[in-house]
Amino acid sequence: MLNITTFLDANSRRLDKDVFYCPSRKTKYSSQDILSIVSEVGRILKSKGIAKGDRVLIYLNNSPEYLFSLFAIWRIGAVAIPTNRILTASELEYMITDSGAKLVITDREAEKIAEKLPAEYYIPENYDDFKDCEVLPAEETEWDDLCQLQYTSGTTGRQKGSMLTHGNWFTAIHNACDVLTLKQDDVYLGIYPMAHVGLLWGIAALRSAALYIMEEFFEINEYLKLCKDEKVTVLSGMPPVIHTLTNLEEEKTGNLDTVREIISGGGPLHKDIWKKFHRQYGIPIINAYGLSETIVIGTGTVIRPEDYAEADRFESVGHPVCFSEVKIVDEDDPNIEIEKYKQGEIALRGPAIAKGYWKMEEATKAAFLEDGWFLTGDIGYIDDDNRLFITDRKKDMIVMSGWKIYPTEVEEILIQYPEVDEIAVFSIGDCHRGELPVAAVVWKDKEDPDGLIAYAKEYLARYKVPRKIFSMDELPRVNGWKLLRRELREMYSDIEKK
């Protein structure tokens with residue numbers, strides 16, 4: 001049997017310390033508290049007819065309820081579908097219909113949205129009342145049993161549910177603990193959305209019985225205050241956050257004095273920002289590479305503190321983590337491995353690779369090869385020191401502050417606006433966020449960029465809304481049909497934000 005929530009049982013028996021802290025509520029939880037709460041929530045889910053293998057969608061803000069609901073779903077052998085609170089009703093409806101989810105866990109603020117969804121919903125009241133409840137034994141689950149469907153946007157516009165298992169998560173938690181060398185006296189400050197696989201770092205902290213501090217909404221002054229007051233040792237970050245930290249007033253830089261490492265991921269970290277941060281603070285950046293399909297560092301690569309003796313290029317995402325393999329293959333024929341320093345598609349292999357995409361046989365066959373290799377869609381090369389460098393994306397995905405945006409998905413919504421004749425979504429550079437989504441539009445009768453933006457805000461999660469609209473007479477295409485997004489990027493490259 002392997003049920004990943006059983007680390008809570010082990011920690012609750014041997015330790016009596018706080019492991020989770022919600023500053024906004026000034027509430028701390030021990031492993032025993034969490035186990036009791038998760039047990040009672042598991043009973044509630046069972047009373048609502050949720051059984052092993054059933055899918056349950058979580059639609060909450062970052063909160064203790066989010067974390068405990070996730071664990072409770074895993075505890076009873078059900079399958080969690082974590083979603084971000086900024087998703088619209090139509091986006092949620094697709095996930096529910098596609099997955100066959102039987103229940104949505106949400107809150108009062110989102111009840112009007114939940115009422116429109118094709119599933120029953122449950123609103124948690126006060127989970128803290130469950131701290132002394134009897135422990136519910138974990139459901140017997142195996143390595144390959146599903147525990148999560150992690151939906152990622154698809155290049156065809158159809159979202160894909162990555163099928164993650166208890167074994168995948170077991171491996172990922174092990175690797176995250178290893179990469180961060182987490183100990184019981186560590187203090188981890190987490191800012192990643194709980195709907196994202198970046199929650200892995202926080203779960204790893206809980207597994208190590210370190211203290212996981214959850215910042216519900218990132219705000220730089222609160223972030224710095226928590227660093228100082230709680231003596232944070234492991235700090236979560238991403239390129240925009242690290243960029244902000246390089247521009248702090250001198251009197252605030254001391255707030256990071258106890259930090260021994262900071263995580264970066266979710267998008268490329270510009271080498272100049274990386275260098276500046278390292279010279280300013282001397283704090284190693286754990287620059288990690290992974291995907292939803294690999295639970296971030298579950299199967300991936302990373303720069304660690306020991307790499308800093310020779311990692312002077314500040315561009316690499318490092319070496320494979322434990323159990324992981326990486327290679328570069330030909331973009332057109334993945335059976336051909338590319339020699340060092342030559343660019344090709346990055347392929348990963350290891351026990352944290354997802355089982356495939358939910359109900360998408362062709363997409364699964366295309367990305368998850370029979371010999372265990374997963375084709376990431378990213379382009380890169382490996383150097384003589386076996387470090388991985390990412391140089392481009394095979395797909396046209398946009399990464400803004402860690403958010404992944406697929407142009408086709410956005411285009412399929414915006415093309416329905418009455419005044420739009422043709423549309424192409426692409427990225428422009430932004431030194432703070434990495435990239436911003438923008439759109440080039442060929443209009444029918446009249447230009448209406450303000451109306452199109454308003455329409456986008458109604459039907460898309462706000463991070464997917466184009467930041468600028470460029471009007472064109474025609475879109476650049478090859479032989480009149482294949483859209484040249486790269487040409488659009490080059491055409492508007494001078495728009496880059498500073």
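Quick note: residue numbers are just sequence positions, from 1.
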Quick one, [X] and [Y] - any side-chain contact, counting heavy atoms below 4.5 Å?
{"X": "E93", "Y": "K116", "value": "no"}
{"X": "N84", "Y": "Y463", "value": "no"}
{"X": "P64", "Y": "T27", "value": "no"}
{"X": "K131", "Y": "I37", "value": "yes"}
{"X": "M1", "Y": "T6", "value": "yes"}
{"X": "D145", "Y": "T165", "value": "no"}
{"X": "Y66", "Y": "S69", "value": "no"}
{"X": "I4", "Y": "I203", "value": "no"}

All side-chain hydrogen bond (donor to acceptor under 3.5 Å, both in side chains) counterparts of [X], not counting sequence neighbours:
{"X": "R85", "answer": "D107"}
{"X": "D448", "answer": "Y417"}
{"X": "Y188", "answer": "none"}

Can [X] and [Y] be counted as having a side-chain donor-acceptor contact under 3.5 angstrom?
{"X": "T233", "Y": "D186", "result": "yes"}
{"X": "E293", "Y": "Y357", "result": "yes"}
{"X": "D128", "Y": "Y29", "result": "yes"}
{"X": "S30", "Y": "D33", "result": "yes"}
{"X": "T5", "Y": "N3", "result": "yes"}
{"X": "E40", "Y": "S36", "result": "no"}

Is it the case that more than 12 heavy atoms not belonging to [X] sit under 6.0 Å from its [atom1] atom?
{"X": "E134", "atom1": "CD", "answer": "no"}
{"X": "R304", "atom1": "CZ", "answer": "yes"}
{"X": "K457", "atom1": "NZ", "answer": "no"}
{"X": "E115", "atom1": "CD", "answer": "yes"}
{"X": "E219", "atom1": "CD", "answer": "yes"}
{"X": "D132", "atom1": "CG", "answer": "no"}
{"X": "K17", "atom1": "NZ", "answer": "yes"}
{"X": "F71", "atom1": "CZ", "answer": "yes"}

Check [X] against [Y] and note the closest heavy-atom contact, atom names and distance.
{"X": "C227", "Y": "L235", "result": "SG-CD1, 3.5 Å"}
{"X": "P124", "Y": "E65", "result": "CB-CG, 4.3 Å"}
{"X": "K52", "Y": "E140", "result": "NZ-O, 2.8 Å"}
{"X": "Q150", "Y": "P82", "result": "OE1-CG, 3.7 Å"}

Between [X] and [Y], is there a donor-acceptor pair closer than 3.5 Å when you use the side chain of the first and the backbone of the second?
{"X": "N168", "Y": "I353", "result": "yes"}
{"X": "W74", "Y": "C147", "result": "yes"}
{"X": "R55", "Y": "G53", "result": "yes"}
{"X": "T299", "Y": "T294", "result": "no"}
{"X": "E345", "Y": "G377", "result": "yes"}
{"X": "T83", "Y": "I58", "result": "yes"}
{"X": "K46", "Y": "I76", "result": "no"}
{"X": "N175", "Y": "G298", "result": "yes"}
{"X": "Y212", "Y": "V187", "result": "no"}
{"X": "R75", "Y": "G42", "result": "no"}

Quiz item: cation-pi between K355 and F368, 6.0 Å / 45°: no
Using 30° and 60° as the class boundaries, would you call the ring planes of F323 and H174 parallel, tilted or perpendicular? tilted
Parallel, tilted or perpendicular: which describes the rings of F218 and Y223, with under 30° parallel and over 60° perpendicular? perpendicular
Given L206, which of L67, L8, N11 fulfils the side-chain contact (heavy atoms from CB on, under 4.5 Å) condition? L67
E111/R108 ion pair, N-O < 4.0 Å: yes
For residues Y59 and Y121, establish whether the separation of their ring centroids is below 6.0 Å. no
